Amino acid sequence: MWDKLALILLIIGGLNWGLVGIFGFDLVAWLFGGAGTVLSRTVYILVAISAVWCISFLFRDQRHTAISMTD
């Protein structure tokens with residue numbers, strides 16, 4: 001469950017960075033009233049925590065990961 005949540009948040013973050021890079025448009029900031037608002041900062045922090053969590057994917061035993069992904 002945590003792995004899927006982390007991946008969803010990373011997808012959101014990646015798409016947001018793509019929008020910033022291509023169009024100069026920060027969707028998270030736009031949705032929540034600016035980059036400095038509490039809600040925007042919370043989303044940014046959650047995306048960062050998700051990225052740190054997903055680093056562990058690189059070091060997991062693939063046999064264990066394949067089994068746990070089917071649960």
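Hydrogens, waters and symmetry mates play no part in the numbers below; they use all other heavy atoms, side chains included. One-based numbering along the sequence shown. Note that the coordinates shown come from a computational prediction; the quantities given were computed from them, not determined experimentally.
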Does a side-chain heavy-atom distance below 4.5 Å link Phe57 with Asp3?
yes
Is there a path of hydrophobic side-chain contacts, each under 4.5 Å between heavy atoms of I/L/V/M/F/W/Y residues, joining [Y] to [X]?
| X | Y | answer |
| --- | --- | --- |
| Val43 | Phe25 | yes |
| Leu7 | Leu5 | yes |
| Ile55 | Trp53 | no |
| Trp17 | Ile8 | no |

Using every non-hydrogen atom in the two residues, find where Leu27 and Asn16 come nearest and quote the distance to one decimal.
N-OD1, 2.8 Å
Less than 3.5 Å apart, which donor and acceptor atoms pair up between the side chains of residues 44-51 and the rest of the protein, not counting sequence neighbours?
unit_1 : atom_1 : unit_2 : atom_2 : d
Tyr44  : OH     : Asp26  : OD1    : 3.3
Tyr44  : OH     : Asp26  : OD2    : 2.7
Ser50  : OG     : Leu46  : O      : 2.9

Could you list who else is in Val52's hydrophobic cluster, with ILVMFWY side chains joined at under 4.5 Å, directly or through other members?
none
Contacts table for residues 30-38: side-chain donor-acceptor under 3.5 angstrom, sequence neighbours left out:
unit_1 : atom_1 : unit_2 : atom_2 : d
Thr37  : OG1    : Phe32  : O      : 3.0
Thr37  : OG1    : Gly34  : O      : 3.1
Thr37  : OG1    : Ser40  : N      : 3.3
Thr37  : OG1    : Ser40  : OG     : 3.1

